[in-house]
Amino acid sequence: RLDREAPFSFLEFNYMILQSYDFLELSRRFGVTLQLGGADQWGNMVCGTELGRKCDGKRLFALTAPLITTSDGKKMGKSEGGAIWLNRDKLSEYDYWQFWRNTSDDDVVRFLKLFTELPLAAIGDLEKLSGADINKAKIILADEATALLHGSECLDAIHQTIESMFTKNKNASANTDSLPRIFVSATQMEGESGGVRFVDLFLELKLATSKKGFLKLFTELPLERIGELEELSGADINRAKIILADEATALLHGSECLDAIHQTIESMFTKSKNASVNTYSLPRIFVSPSQLEGENGVRFVDLFLELKLATSKKDAKRLIAGGGARLGDVKITDELATLTASDFEGVTEVTLKAGKKRAGVVELK
């Protein structure tokens with residue numbers, strides 16, 4: 001702890017005193033004589049037994065258990081992001097089942113011994129499984145652990161949900177009874193805001209704990225690789241975002257499109273002066289010469305909206321006012337400004353940019 005650059009906070013420095021006094025108060029108010037905890041709490045708990053003896057002459061006791069760690073050495077606890085709720089109103093039976101179903105291959109057998117009441121002989125048989133067959137052991141682990149907490153009655157609904165939602169059985173009707181559920185109102189779907197962002201919905205449904213959680217949701221990267229990416233910080237997080245974008249796009253559209261996308265980004269948004277502009281993968285709209293005749297032309301506000309670089313005219317005006325709208329490399333400063341024929345002098349297309357990462361092409365028919 002002393003090797004870290006961050007200093008001790010007052011609370012952290014006095015944690016032992018606070019936990020000791022807490023034990024003393026529990027003893028006085030509720031007659032508590034035994035404190036249970038992980039092995040890393042031993043020193044704090046022993047200080048509590050000493051404080052009780054010195055203040056009140058009581059015999060208090062501490063009992064610790066070894067910390068449960070995953071195969072990669074991380075402890076299963078809230079400080080490692082591995083804590084889950086046992087309360088049904090905090091975490092659905094389905095999500096509790098999925099927590100155990102997503103156990104790492106290397107941890108399955110040990111967790112079967114720790115968190116289920118299966119006979120050791122049965123666990124020994126499951127230990128012999130390898131490859132894709134390990135998933136059978138994971139399902140048994142999830143079933144047994146969930147049944148211990150919530151009862152076996154909920155398992156049928158969970159299995160039906162998984163069968164209907166995630167298998168390739170076209171005849172299975174969707175069963176969503178055991179899935180976590182949230183509600184939205186009709187008013188949330190109205191107006192210029194364009195509804196509710198999927199990012200917020202995934203977070204509210206607890207399908208992701210943060211935007212980093214989307215790597216687990218929308219890619220097929222190994223958990224070990226995702227774990228490495230989660231350790232990135234500062235500007236390095238952009239590397240994880242690029243990998244997320246690549247993996248998710250490849251799953252939907254195939255990896256063949258990634259080269260063109262990378263070339264477009266390199267030519268449009270990097271500071272490389274030698275990079276030739278590649279707009280192949282950018283969204284594109286068309287205008288006719290007749291639309292550009294005279295002094296009127298086509299308003300940039302409308303073009304940003306049509307290219308979906310803005311969600312509304314108000315949003316496009318805000319983009320221009322904030323200095324984030326550009327025609328090529330030239331900043332657009334007037335929300336009433338228009339695209340005219342003179343902007344196409346010697347070229348058949350121009351690029352509109354919204355901020356540092358989004359752009360679209362307006363091509364002359």
Side-chain angles (χ1 to χ4, degrees), residues 98 102 132 162 164-170 172 174 176 179 189 193-205 207-230 232 235-272 275-287 303-312 315-316 319 324-326 328 348-365:
Q98 284 286 4
N102 293 330
I162 292 166
S164 63
M165 297 293 293
F166 303 110
T167 66
K168 297 179 180 179
N169 183 358
K170 295 181 180 179
T176 63
L179 291 176
M189 304 291 110
S193 61
V196 184
R197 293 176 63 201
F198 284 115
V199 169
D200 298 323
L201 294 173
F202 275 101
L203 290 174
E204 190 174 350
L205 281 165
L207 298 178
T209 56
S210 66
K211 291 182 180 179
K212 289 181 181 178
F214 288 111
L215 280 166
K216 296 176 182 177
L217 280 171
F218 300 117
T219 76
E220 294 180 341
L221 287 174
L223 289 176
E224 292 79 6
R225 175 59 175 145
I226 294 174
E228 293 171 2
L229 295 172
E230 285 183 339
L232 299 176
D236 288 338
I237 293 176
N238 289 324
R239 285 162 47 197
K241 292 180 180 179
I242 291 171
I243 292 171
L244 168 61
D246 282 354
E247 293 291 323
T249 303
L251 277 175
L252 180 61
H253 297 292
S255 58
E256 300 78 14
C257 66
L258 294 179
D259 283 343
I261 293 172
H262 292 167
Q263 289 171 18
T264 297
I265 293 168
E266 174 70 22
S267 63
M268 295 296 297
F269 302 110
T270 66
K271 297 179 180 179
S272 173
S276 58
V277 177
N278 184 326
T279 61
Y280 175 74
S281 64
L282 291 177
R284 185 178 298 265
I285 59 174
F286 298 89
V287 293
L303 294 171
F304 275 102
L305 187 58
E306 189 174 350
L307 280 166
K308 295 182 174 58
L309 298 176
T311 57
S312 65
D315 186 34
L319 179 69
R326 291 179 180 271
T348 59
E349 65 178 47
V350 294
T351 305
L352 294 182
K353 297 180 181 179
K356 297 180 178 180
K357 299 181 180 178
R358 296 182 299 143
V361 174
V362 181
E363 185 174 343
L364 185 63
K365 290 182 181 177

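Throughout, residue positions are numbered sequentially from 1 according to the sequence presented.
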Checking I242, I243, L244 against D246 for side chain to side chain contact (heavy atoms under 4.5 Å, CB included), the one that qualifies is I242
CG (L258) and OG1 (T249) are apart, to the nearest 0.5 Å, by 6.5 Å
P283 and L307 have their tightest heavy-atom pair at O-CD2, 3.7 Å
Taken to the nearest 0.5 Å, the spacing of L229 CG from L221 CG works out to 7.0 Å
Here the gap from E349 atom CD to L364 atom CG, rounded to the nearest 0.5 Å, amounts to 10.5 Å
Closest non-hydrogen atoms of I226 and T219, given as atom of the first, atom of the second and distance, are CD1-OG1, 4.3 Å
Correct closest heavy-atom pair for K353 and F304 would be O-CE2, 3.5 Å
ask   = Taking C-beta and beyond as the side chain, do V361 and V350 meet within less than 4.5 Å on heavy atoms?
value = no
Rounded to the nearest 0.5 Å, the CG atom of L282 sits from the CD atom of E363 at a distance of 12.0 Å
The reported gap from CD1 in I261 to CD in E256 (rounded to nearest 0.5 angstrom) is 11.0 Å
dist L319:CG -> R358:CZ (nearest 0.5 Å) comes out at 7.0 Å
